[in-house]
Protein chains: 2
Amino acid sequence: MARPREFDAEFALDRAMEVFWAKGYEATSLDDLCEATGLSRSSLYATFGSKRNLLLQSVDRYVERRTPNIAAALARPLPIRDAISALLGEFIDQIVSGPGRRGCFLGNCAAELPRHDRAALARVRQGLTRTEGTFREALVRARARGELAPSADVAALARFLTAGFQGLRLVGKANPDRAVLGDIAKTLLRCLEERNCRRNPHKREFGHDHQTSTACTPPESEAA
Amino acid sequence: MARPREFDAEFALDRAMEVFWAKGYEATSLDDLCEATGLSRSSLYATFGSKRNLLLQSVDRYVERRTPNIAAALARPLPIRDAISALLGEFIDQIVSGPGRRGCFLGNCAAELPRHDRAALARVRQGLTRTEGTFREALVRARARGELAPSADVAALARFLTAGFQGLRLVGKANPDRAVLGDIAKTLLRCLEERNCRRNPHKREFGHDHQTSTACTPPESEAA
DNA sequence: TCGATTTTGGACTATATAGTCCAAAATTGC
DNA sequence: GCAATTTTGGACTATATAGTCCAAAATCGA
């Protein structure tokens with residue numbers, strides 16, 4: 001081999017991720033990325049290929065970095081509700097305390113990325129699925145400890161928690177108000193109370209039979 | 001007066017909103033806006049001032065347009081849970097049926113807008129607050145009808161529902177899977193069951209006392 | 001030391017972008 | 001019809017952008 005790299009690609013990726021996270025994909029320029037990573041354009045392109053490719057890798061990186069944190073928070077020697085409550089509280093603290101208010105990178109990407117960008121959305125989906133899995137594993141353990149009803153639908157609860165956390169952080173970005181976020185978290189936690197976590201077999205599942213067209217205007221011919 | 005306008009500003013605003021909604025703020029160019037509205041640059045600028053200003057007005061427009069829809073859905077002669085269930089189902093249908101998968105415009109803006117953009121975030125916040133108010137009013141009526149416990153904390157429930165819907169739609173953008181979204185909706189609805197909606201006075205409220213630093217890395221010196 | 005190989009800085013390109021400007025067109029009151 | 005007034009199309013500007021390219025520098029094996 002010849003001349004070695006003067007930078008650490010992992011470190012550069014972390015810094016790039018931070019920028020994408022803080023500013024969003026479109027609003028991040030290559031100059032921003034060069035400045036944040038300390039790399040020149042040639043090194044950036046040689047290492048990561050393109051801005052878009054760097055985003056994809058940043059998403060993966062984010063997931064790698066955050067999943068263990070969440071897993072650790074849920075593995076604390078606490079009743080699962082208390083562990084989740086603490087996790088919610090930490091997010092809320094981060095949000096209301098100001099500077100770190102960037103939301104969840106996965107959520108930001110999901111919101112910003114155009115829906116025709118299959119590859120990128122797949123990465124985001126994988127990340128969300130991993131979060132969901134982390135929640136589910138913790139719930140399974142909690143159920144085994146007797147904290148949830150034996151019939152608790154932990155898969156559904158995990159999905160719900162994933163969406164709930166996303167909702168909390170998204171709302172928090174626009175409305176970093178402790179009272180509001182506390183209400184959301186408090187109510188969310190109630191869904192974990194033991195009596196709510198039994199399966200309810202005669203309850204209709206979702207889908208298939210809704211008629212009235214409400215919500216938001218659907219049409220518009222798929223703006224390019 | 002002299003020469004009259006050849007276009008309808010309201011109509012143009014609607015079209016502009018659609019583009020922002022579909023593509024996001026940064027990814028929408030003035031050419032996109034001109035094409036969608038049919039206006040020339042001069043007319044656009046004379047009418048709306050700037051791209052950013054047009055976004056702000058689009059947000060307001062979106063809120064004006066969607067609030068009555070939600071209000072109407074919640075005012076249907078149904079138990080509140082059924083009305084909300086139907087609303088969730090409609091959103092899910094829209095998401096999984098494909099083309100309309102743009103998420104909520106407010107959520108998209110909250111995710112994309114930089115947090116230093118006070119004015120824009122305030123508009124978004126107002127929109128979310130209005131949604132919350134719509135939920136709350138419906139819940140108050142439901143409580144008066146005896147569908148919720150007299151002590152139900154309808155304000156907290158409304159905030160929770162606002163975040164929950166945001167979470168559902170955000171997750172749906174990355175993962176338009178009926179099973180996943182159905183689980184989220186199903187679990188969310190459980191929080192509305194009568195027995196869950198009583199105030200629980202000795203339960204600790206949120207905030208103030210969380211210690212471990214988990215979640216996602218907070219630092220980074222406020223990337224410009 | 002030398003040739004081979006890789007990295008690096010930064011100049012460069014081609015394009016896209018938000019916003020400006022003005023002459024021509026359209027309309028009004030008279 | 002005419003002067004006044006407003007709108008309109010689109011040319012124009014200045015800048016920012018993603019990505020390319022290459023000569024110089026740095027390192028390695030021999």
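Here is how names work: the chains are called A, B, and so on, in the same order as the sequence lines, proteins then strands, and each is numbered from 1. Computed from a prediction, not measured in an experiment: that's the story for all the values here.
- Taking the side-chain hydrogen bond (donor to acceptor under 3.5 Å, both in side chains) definition, one finds that A:Ser29 meets it with A:Asp32, sequence neighbours left out.
- One atom, CZ of B:Phe7, and another, C1' of D:dG9, lie 13 Å apart when rounded to the nearest Å.
- For A:Ala9, the side-chain contact (heavy atoms from CB on, under 4.5 Å) partners two or more places apart in sequence, or in a different chain, are A:Arg5, A:Phe7, A:Thr47.
- Checked against side-chain contact (heavy atoms from CB on, under 4.5 Å), A:Asp14 has the following partners two or more places apart in sequence or in another chain: A:Arg61, A:Arg65.
- For the pair A:Leu44 CG and C:dT7 C1', the computed distance is 13 Å after rounding to whole Å.
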Query raised in the report: When you check every protein heavy atom under 4.0 Å of nucleotides 16-26 of chain D, what one-letter string (B, S, -) results, 5' to 3'?
Result: -SBBBB---BB
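- Of the side-chain N and O atoms in A:Ser43, one or more sit less than 4.0 angstrom from OP1 or OP2 of C:dT8.
- Residues passing the salt bridge (charged side-chain N to carboxylate O under 4.0 Å, His left out) test with B:Glu35: none are found, sequence neighbours excluded.
- Residue B:Ser40 places at least one side-chain N or O under 4.0 Å from the OP1 or OP2 atom of D:dG9.
- Side-chain contact check for B:Asn108 and B:Glu112: no donor-acceptor pair (N or O, by modelled atom type) lies under 3.5 Å.
- Scanning for ring pair (Phe, Tyr, Trp, His ring centres under 6.0 Å) contacts around A:Phe165 gives A:Phe91, A:Phe135, with sequence neighbours left out.
- For A:Arg5 and C:dT8, the CZ to P distance is 7 Å, given to the nearest whole Å.
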